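What follows is one structure encoded as C-alpha cells, with my remarks underneath.
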Amino acid sequence: MCYPCPVAPRAVEKSLLDKVWDAHTVRELPSGQTQLFVGLHLIHEVTSPQAFAMLREMGLKVRFPQRTFATVDHIIPTHSQKRPLADELAEGMMQALERSTAESGIRLFDAASGHQGIVHVIGPELGLTQPGMTIACGDSHTSTHGAFGALAFGIGTSQVRDVLATQCLTLTRPKVRRIEVGGKLATGVFAKDVILAIIRKLGVNGGIGFAYEYAGPVLEAMSIEERLTVCNMSIEGGARCGYVNPDDITFSYLRGREFAPQDAAWDRAVAWWRGIASDPGAHYADRVALDGAAIAPSVTWGIHPGQNLGVDERLPRIDAAALEDRPSLEEAYAYMGLRPGEPIAGTPIDVAFIGSCTNGRISDLREAARVARTGHVARGVRALVVPGSQAVAREAVQEGLPEIFRAAGFEWREPGCSMCLAMNPDKLVGRELCASSSNRNFKGRQGSPTGRTLLMSPAMVAAAALRGAVADVREIL
Ligand code: SF4
C-alpha cells in the first residue's frame, strides 16, 4: 500500500469523509457523481463468481490484483470444513473462487491459509483495513471497516465486476451526520446496545443519503473491536457508510499486523492518518446527541433492527403509536407472535447464536464466556458459538474459551458466517426463536421462512441461553 503525503493545512475545515473522498476522486462525472478510486477490494465466494464470469465475457482482466483479497465465509460449513464440502453447490462456489483468484493473481485466505474467516473480521485483523482508505466489498456490512476511519461501501455484483476491472466505483457523495454519544456506558451495556439505541432513535431509513460519523466520549473510549460493531450496523440505520475518526487506539491496534506498514512507512502512514481525521470546525449536515449512560441492554422484538427496546421495557402498544407506524407494528407482531404491552424479558427462546461480523470477535467471545461460566444452557435450547475467523478461534483456544462454552452446554464451531444468513447448514427450523448476536432480524433471515430473530449483544445471548428466555445480563454480571 502507498500513502499520499500528509494532508497540508487547509483554509476550509473538512470532515474525514470529505478529505478521504477528495483524495480518492478520479473525476467528477456529468451526472454529479464521483468516479472514486478503491484502495482495497475484499471479495468472497457468494458475490464474486458472477462478477468474474462477466469479466471473462468482456475479455477483461483484474486491474489491480494486489489490491484485492478473497476469503470464504458465507457458505462454508461450521461443523467440518473438510474438502470436498458435502454440499455440492457450496463446493462449486469454493472451486469457482479458487479458480478465479488463482487465474487473476488474487490472494485467497481459504481454510488452509490459517487466516480464513468472515471478510469483515479478517480485513481488520490482518491490517488490510487502514485509516483513510476507500474500501469496497460485495456485502452490505462493509461499513464495518469504517471503525478505522476508512470509507467502506457495500456494493452489488455488477459493481464488484466494475471494481475488479477498473478499481473504481461510481458513487454519490453522502452528507455527513455526526452522532455524538456522551457519558459512560453502564455495566452490561455494550457497543451493540449503542448502535441499536442509535438506530432506534433515528430509524432504519433515517440514514439514507448520509454517512454516519460516530464520536463523543463513549466512542473515544471504545476499543477497535467495539467500534467495528458500531460501524457494522450503520447500514441497518440506512447510512451509506459509518466511521470513527482514527486515533491512538486505531494506530496501536494496527501496529505490527501483517499488512500494516512497517518501519519508516509506518511513520509516514501515521502522519497521513492523523491528518485525515475530521477538523474541529468541519461542517456537518446534521448533528445528533445521545446519552450513553441512559442506554440499557437492548433487544429487538420485531422484523427490523429499529424495532428494539431496553430489556427492562414492555413491548410497544399499537394504539399508542403514530397512525403511520401502526401497519409496520401490526406486521411485526403478526410475524413474531409476541403481544403488545408484555415485557420482552422472559420471552422463551429456542436457539442462541453467538458469532457474525457484528459480534464474532475475541472480545465478544470473552464477554459471552464471562456469562456462560455462571451456568448451563437451559434444557431445549440449541446454543452455538462461532468464531469470526481462524485467528479468533486460535486466540480463544489459547484462553480456554471453547472449554468454558462446552462445559456450559454450547457447541463450539469452525469460523464462518454460520446462522447470520444461513447460506450453510446452520439454520433455524420452523418458527424457532433465536437470540442472536448478528445484525439483521428480517423475516426468514436465519434460514427458515418462518424463523424469528431477536438481536442483542453476545453477553445478552449467553444470558438468554442460560435462562432459556430473554434475560437482563446485568443480573448475571
Ligand atoms: S456474518 Fe452475516 S452480515 Fe456478516 S458477512 Fe457474513 S452473512 Fe454478511
Side-chain angles (χ1 to χ4, degrees), residues 139-141 143 154 156 192-193 195-210 212 232-240 295-353 356 358-359 417 419-423 426-457 460-461 464 469-471:
D139 184 272
S140 316
H141 296 87
S143 57
K192 180 66 151 286
D193 304 304
I195 187 62
L196 285 173
I198 290 171
I199 298 171
R200 183 182 181 184
K201 183 179 175 83
L202 298 173
V204 287
N205 295 320
I208 292 175
F210 284 97
Y212 281 175
N232 175 274
M233 291 187 69
S234 305
I235 192 79
E236 303 306 332
R240 189 67 185 88
I295 298 174
S298 300
V299 187
T300 63
W301 63 269
I303 50 175
H304 64 65
Q307 289 176 326
N308 76 72
L309 75 182
V311 66
D312 44 9
E313 290 182 61
R314 288 178 178 270
L315 292 162
R317 293 169 56 104
I318 297 175
D319 56 8
L323 275 181
E324 66 271 21
D325 293 337
R326 292 183 190 179
S328 68
L329 293 183
E330 281 162 1
E331 185 187 358
Y333 279 119
Y335 185 80
M336 296 298 290
L338 302 175
R339 291 228 293 276
E342 302 257 301
I344 187 71
T347 304
I349 65 154
D350 306 295
V351 179
F353 168 58
S356 85
T358 316
N359 282 126
C417 294
M419 207 181 262
C420 171
L421 182 57
M423 291 183 85
D426 300 341
K427 297 181 196 301
L428 295 185
V429 179
R431 274 180 62 70
E432 278 183 332
L433 187 67
C434 179
S436 175
S437 71
S438 56
N439 46 43
R440 279 192 172 157
N441 53 337
F442 299 165
K443 291 178 180 175
R445 167 77 176 179
Q446 293 190 277
S448 161
T450 51
R452 298 167 296 160
T453 305
L454 305 180
L455 301 176
M456 57 189 85
S457 72
M460 282 282 286
V461 176
V470 175

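Worth knowing before you read on, the calculation uses all heavy atoms, side chains too, and leaves out hydrogens, waters and symmetry mates. Here the structure is a predicted model, which is why all the values come from computation and not from measurement.
Across P305 and L196, no two heavy atoms sit closer than the pair O-CD2, 3.9 Å. Scanning both residues, S437 and V461, for their nearest heavy atoms gives N-CG2, 3.7 Å. For W301 against A332, the heavy-atom pair with the smallest separation is CZ3-CB, 3.7 Å. Taking all atoms of both residues into account, the shortest heavy-atom contact from Q446 to S436 is NE2-OG, 3.7 Å.
For T358 and N439, the side-chain atoms include at least one donor-acceptor pair closer than 3.5 Å.
Looking at K192, its side chain never comes within 3.5 Å of a backbone N or O of P297 through a donor-acceptor pair. Between the side chain of N308 and the backbone N or O of V299 there is no donor-acceptor pair closer than 3.5 Å. Using modelled atom types, one side-chain atom of N441 and one backbone atom of G302 make a donor-acceptor pair closer than 3.5 Å. The backbone N or O of I235 lies less than 3.5 Å from no partner atom in the side chain of R240, so there is not a single donor-acceptor pair. A donor-acceptor pair under 3.5 Å is absent between the side-chain atoms of S328 and the main chain of R326, judged by distance alone. A donor-acceptor pair under 3.5 Å is formed between the side chain of S448 and the backbone N or O of G430. Looking at T300, its side chain does come within 3.5 Å of a backbone N or O of L455 through a donor-acceptor pair. Proximity of a side-chain donor or acceptor of R431 to a complementary backbone N or O of Y335 within less than 3.5 Å is detected.
Interatomic distance, K443 NZ to E331 CD, rounded to the nearest 0.5 Å: 3.5 Å. Rounded to the nearest 0.5 angstrom, N232 CG and I195 CD1 are separated by 8.5 Å. Note: C434 SG to M456 CE = 8.0 Å, rounded to the nearest 0.5 Å. With values rounded to the nearest 0.5 angstrom, L421 atom CG is found 11.5 Å from D426 atom CG. To the nearest 0.5 angstrom, H304 atom NE2 is 14.0 Å from T453 atom OG1. Atom CG in L202 sits 4.5 Å away from atom OH in Y212 (nearest 0.5 Å).
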Please table the atom pairs, donor to acceptor, closer than 3.5 Å between any side-chain atom in residues 338-352 and protein atoms at least two apart or in another chain.
residue	atom	partner	partner atom	Å
T347	OG1	I344	O	2.6
D350	OD2	L433	N	2.7

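M419 places a side-chain heavy atom less than 4.5 Å from the side chain of L428. For the pair E236 and F442, the minimum side-chain heavy-atom distance is below 4.5 Å. Put simply, the side chain of S298 does not reach to within 4.5 Å of the side chain of R200, judged on heavy atoms. Residues L329 and R317 are not in side-chain contact: their nearest non-hydrogen atoms beyond the backbone lie 4.5 Å or more apart.
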Set out, in order, the CA-CA distance, both residues' side-chain angles and the distance that settles side-chain contact (heavy atoms from CB on, under 4.5 Å) for M336 and L454, then state yes or no. CA-CA 10 Å; M336 296 298 290; L454 305 180; 3.7 Å; yes

Full working for side-chain contact (heavy atoms from CB on, under 4.5 Å) between C420 and R445: CA-CA 7 Å; C420 171; R445 167 77 176 179; 3.3 Å; yes

